[in-house]
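Contents: one structure, followed by commentary.
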Amino acid sequence: MNAITIQNLQKSYVPGVPVLKDFDFEIAEGEVHALVGSNGAGKSTLAKILTGLTPANSGNIDRHGRDESAIVLVLQELNIIPTLTIAENIYINALPRRFGVINQASLNHKAKQALGRVGLKNLDPSLPAGSLGVGQQQLIEIASALEKESSVLILDEPTAALTGPEIELLFDNVRALQKQGVAILYISHRMDEIARICDRVTVMRDGRRIATHQVSEVETTQLVAEMAGSEISSRTAAPSQQKEKITGISVSNLSGGEKVKNVSFDAYRGEILGIAGLIGAGRTETLRAIFGADPISGGEIRLGPEQIPFHPKSPSDSVAKKLALVPEDRKQDGLLLPLSITANTVLASNRSLLLDDAGDRNATVTTGERLALKYDSPDQAVGDLSGGNQQKVVISRWLLCESDIYLFDEPTRGVDVAAKESIYTLLDELVEANKTIILVSSDLTELMSISHRILVMSNGRITGEFEPETWSREAITAAAFAGYENRKETAA
Amino acid sequence: MNMKRFLTDYAPMFIIWVILILLFGSLSDNFLSSRTLSTIAGQVPPLVLVCCGMTLILIVAGIDLSVGSVLAFCATLFCLLISKGNWPVPIAGLAAIAAGGVFGLINGLVSVCFKVPSFIVTLGTLKIAFGLSLLISRSETITVGMKLENLISPLPVLGIPISFIVALCLVVIGQFILSKTIYGRHLIAIGTNESAVRLAGVATTWKKVSVFVVTGILAGLASIFFAARLGGANADLGNGFELSAIAAVVIGGTSLMGGRGSLINSFLGVLIILTLDAGLAQVGADEWVKHVITGMVIILAVLLDVMRGEMGNRLLQKYQQLRQK
Amino acid sequence: MKRDSFFINIIMLTIFGFFLSSCGQNSGDSGDSDKPVVALVMKSLANEFFKTMADGAEKHQAANPDQYELIVNGIRNETDLTAQVNLVEQMVSRGVDAIVIAPADSKALAPALKRAIDAGVTVINIDNQLDQDVLKEASLTIPFVGPDNREGARMVGDQVAKQLQKGDAVAIIEGVPTAFNAVQRRLGFEDAMEAAGIKIVSSQSGSWEMAKANTVASAMLSEHPEIKAILCANDSMALGAVQAVKAAGQNGKILVAGFDNISAINPLIESGEVAATADQHGDELAVFGIEAALKILDGGESVNRKTRVDLITKP
């Protein structure tokens, strides 16, 4: 019998940009049902709609008489309150009380049992949750979800922070719940895990259900092909300069932080090197490390055909060496929203003592024209511009610096179609001018239409390199998932 | 263009000040006299200098609570060097300024390099500076007699003391640096979004530290004028001074969240605070009235600041109508 | 990394050890249990008057080391009541035998002192007398050892009045309005002016502080150019007033009077810039308070004691 049946579900956060389209889905009692798909396919949105965190626009969700509270979600992002104890975190919604005061003894006793279920029976439940590592915090969340009387359990990437034995314990719990008739929706990038514990798998792409298979009857390659889709790209890259390859920047064995592990590649002048991968694969972190924004723990960077060693300590070092970074989050890391377009445009290039208002305004207008920037006045606050025009201001900042190596992080995210075109045109110009361009994008169609070469990152490593002759959506998607498989090998 | 800037940026504050003067003028017999104005002019310099520093610190989204204590320490040191050490006034003055700079450097280095909130660091240096003032003064009031008279006695023709002229010059220079140099632009940018400024390749660390040092130096300079006005100093001198400074700067429209501020408006804020002090004392207001009214003016001024753009635009329209006639 | 933090710890410990050892010398606290322990709780040690008082007490203790142990405490500024209440509580929990206190407020200290007395501590009030009504309400008797502030202020006022004409205008700069001695001194000034037929045109608080008094005095002089004298409730405020007179260009034409006879006022008395001040002999004040406490601890009776106030003028 079905636990949940969904028919014709529609959802969009912004009018005209659907996240879920005509979505049909069903999950049965006692079933472990996997949900797979690339970034932005709509998996997390579906989970949020099922638990009532966000409403659907239209469509029919039949919970077969179950209350929304019987559907329990373990989120991908950790939701631990670090200052409360482990026990309090587990029972945050149902703290045992006596005369209005939390009954610590009974709380800790119950928590001890709950922790035992996830293999943490030696942990003291009265410790603050913040003192635990990420993996144990994830287990606390799972323990908390298991304690709730749920009939549907949604796990969103539950194993992201777990190690081998912890995963085994989780799977034991999943199987036990399954026997009790609980329906489990298992959202994951990890094909090997899906193969092990799931009964059925549903593939999502662009908010639609593409297919549902019995796990035992489907090959990983077929799932990947379905996730990747086969849209025809509307553009083709500017013809790759068939002259000799001159190195713009070469990176070898670069490591830094948690997410950049032994990354090596060369980028050439007059080329757009695309970097594909899943969200969280370490692409942004790689660009930031190259730019000196985050500390580097190992590896080398060399610039230009002369292979001059470069050790960026801060972004000012990189700017001096003609590097440019267009960050992913332009409001947080790129722009001074209340300040004028002019002030934002000349921020990186202006190195004299006095401000030159007239000169700065002229420069802003001139570079603005190259990017078809739309504005009323160069003195206007950047915060008043649309997302696309804001992005153009960030880019024009680096044009004014006459940078040689451009690191673009999701340059067209949240940007309208017209602005996208101007950014593509500018990229062509930069290629023409023999600049080195490294471009991270989660939009595979875009990457395949503008890049001369594509690297794929997965789980902090480079897992693939493709030329236009060899790439396909399937191959790139497979590489993007590659780093998450065979965990034991990679951990060793 | 300039008229527009003046009307939208400075006119509202200026008008509040003029209203206060007229109000006290009507309530008191002798408020509108050259003596009152020259008295206020004599009280303005120390607070203005400290406010210049405070404005810059607030612009980079920091705060300095130690200014009052540091000022008291510098003033005590200055008076001691002159009276007990028989140092020449200019050398003792340089020593006081240097002492202020050292405190500023400590504030800046600890808060910027170790990422400790400046609120906490400067709260610490507030205590330290007070303790050191007690130590060096041995809890006594140090007087210097007539040695500093020429710093604060009104100049013959202008009727204002030289300390006022120095303070005014520093306000103008400071405003120029803030709005016309790259350094000033970067300070505003750091206060607006430090992460973005850093990722644009602008060095932020030394710029933030420099602002604290400048504030310390200005507190040192202010201590000289303060000691000159009082003819001496003791450890209690700067008690509550930091709050007056923050009040004046906030009245002047500087944002506590960083990224916005103007030295000229801080100057006008100081004029408003001191005119209020002098006026309330002259009309002989009760102690409680003084506090309540001062508090209300601070809140009102900040409310007005929220509506400043609108008010300035209306003034601009009036001005243009007048010109057409 | 480990090494660094080790060194930092060593340095911190050294610094703290240094400070602690220097503190230990001051308090002279040897832990001898048969001697009574007397705590002297002062107002701001930034004010020289209280510093003198503390010095006098310490000298007395040094001369009589066998009789008692002494702990001296002060607060950040004159009006920081909370800090003084905290001090009293800390002294009680420390188990002192007697507290000799110069209250920052005449009323608000009563509950804390009542708790001290209930805990068996002998309390002596010096300098600023506690409000009698409040004491009565709490059914407390706390002996007061100190000067008659009203009488002292009247003496200063009389001295100033001698140099003025009947009908002249004067101004008063008061202390913190909530302090009993501030009120007493104001009343003393008023008594003297009334007796001499002199008009008080303005009377405002200078919060005991030099800078505040300077601002207030400047405003008074602007508003009332006819003022012939400024009577200040303490010497710090008199210093501020003298500067205001100078700034107004009235040097020598306006009389200034103070109270307390701090050392910084002496040259101004010499030069005539300050007409008069009163010496309450602060060094003796604390000593008398301590002696009264010791007497009670020995089983003696508690009595109020008036200490001398001397008028100080240009010889």
Side-chain angles (χ1 to χ4, degrees), chain B residues 24 28-40 42-43 46 72 75-76 79 83 127 130 133-134 137-146 149 152-154 161 226 228-241 274 277-288 290, chain C residues 44-52 54-55 74 76-80 171 174 176-178 201-226 235-236 239-240 242-244 246-251 262-268 271 273:
Chain B
F24 285 122
S28 137
D29 304 331
N30 293 309
F31 190 81
L32 290 176
S33 65
S34 62
R35 175 182 287 173
T36 304
L37 294 181
S38 123
T39 304
I40 294 176
Q43 294 168 351
T76 311
C79 291
S83 65
K127 289 282 183 192
F130 177 68
S133 317
L134 281 183
S137 70
R138 299 209 190 93
S139 300
E140 291 175 14
T141 300
I142 319 290
T143 51
V144 291
M146 305 293 285
E149 215 59 13
I152 45 132
S153 51
F226 215 69
R229 179 160 74 84
L230 298 178
N234 62 22
D236 256 348
L237 209 64
N239 202 351
F241 203 72
L274 291 178
D277 265 6
L280 286 169
Q282 285 212 14
V283 300
D286 284 347
E287 191 66 10
W288 71 269
K290 290 180 186 173
Chain C
S44 170
L45 287 179
N47 183 335
E48 192 185 340
F49 179 67
F50 294 102
K51 181 77 171 142
T52 314
D55 290 347
R76 165 77 171 87
N77 69 49
E78 302 264 330
T79 52
D80 196 348
E174 308 162 28
V176 171
T178 46
V201 292
S202 183
S203 182
Q204 295 185 49
S205 168
S207 305
W208 297 130
E209 286 173 22
M210 182 160 64
K212 180 85 189 293
N214 179 269
T215 305
V216 169
S218 298
M220 287 172 164
L221 290 174
S222 300
E223 183 64 16
H224 305 287
E226 72 276 17
D235 282 347
S236 285
L239 289 172
V242 166
Q243 287 301 120
K246 276 189 206 165
Q250 300 287 312
N251 208 0
I262 65 174
S263 61
I265 211 85
N266 294 338
L268 299 183
S271 69
E273 284 167 284

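Each chain gets a letter, A, B and so on, in the order the sequences are listed, and its residues count up from 1. Note that the coordinates shown come from a computational prediction; the quantities given were computed from them, not determined experimentally.
What you find for A219(C) and A281(B) is that their closest heavy atoms are CB-CB, 3.4 Å. The nearest pair of heavy atoms linking S222(C) to Q282(B) is CB-NE2, 2.7 Å. Scanning both residues, Q204(C) and L280(B), for their nearest heavy atoms gives OE1-O, 4.4 Å.
Per-residue counts of heavy-atom pairs under 4.5 Å with chain C were compared for G279(B), G42(B), S28(B); the largest is that of S28(B). Among A217(C), S203(C), S205(C), the residue making the largest number of heavy-atom pairs under 4.5 Å with chain B is S205(C). For the set M220(C), E273(C), K246(C), K212(C), the count of heavy-atom pairs under 4.5 angstrom toward chain B peaks at K246(C). The candidate with the highest count of non-hydrogen atom pairs below 4.5 Å against chain B, out of P225(C), S202(C), P177(C), is P225(C).
Side-chain contact between L239(C) and L230(B) is absent, with no heavy-atom pair separated by less than 4.5 Å. A heavy-atom distance below 4.5 Å is not found between the side chains of M210(C) and D236(B). T215(C) has its side chain within reach of R229(B): a pair of non-hydrogen atoms, C-beta onward, lies under 4.5 Å apart.
Interface residue I262(C): only side-chain heavy atoms are found under 4.5 Å from chain B. Using a 4.5 Å cut-off between heavy atoms, F241(B) makes no contact with chain C at all. Only the side chain of S263(C) comes within contact range of chain B, with heavy atoms under 4.5 Å apart. Heavy atoms closer than 4.5 Å to chain B are found in the side chain of S236(C), but not in its backbone.
Using a distance-only test at 3.5 Å, with no hydrogens or angles considered, no donor-acceptor pair links the side chain of E223(C) to the main chain of V283(B).
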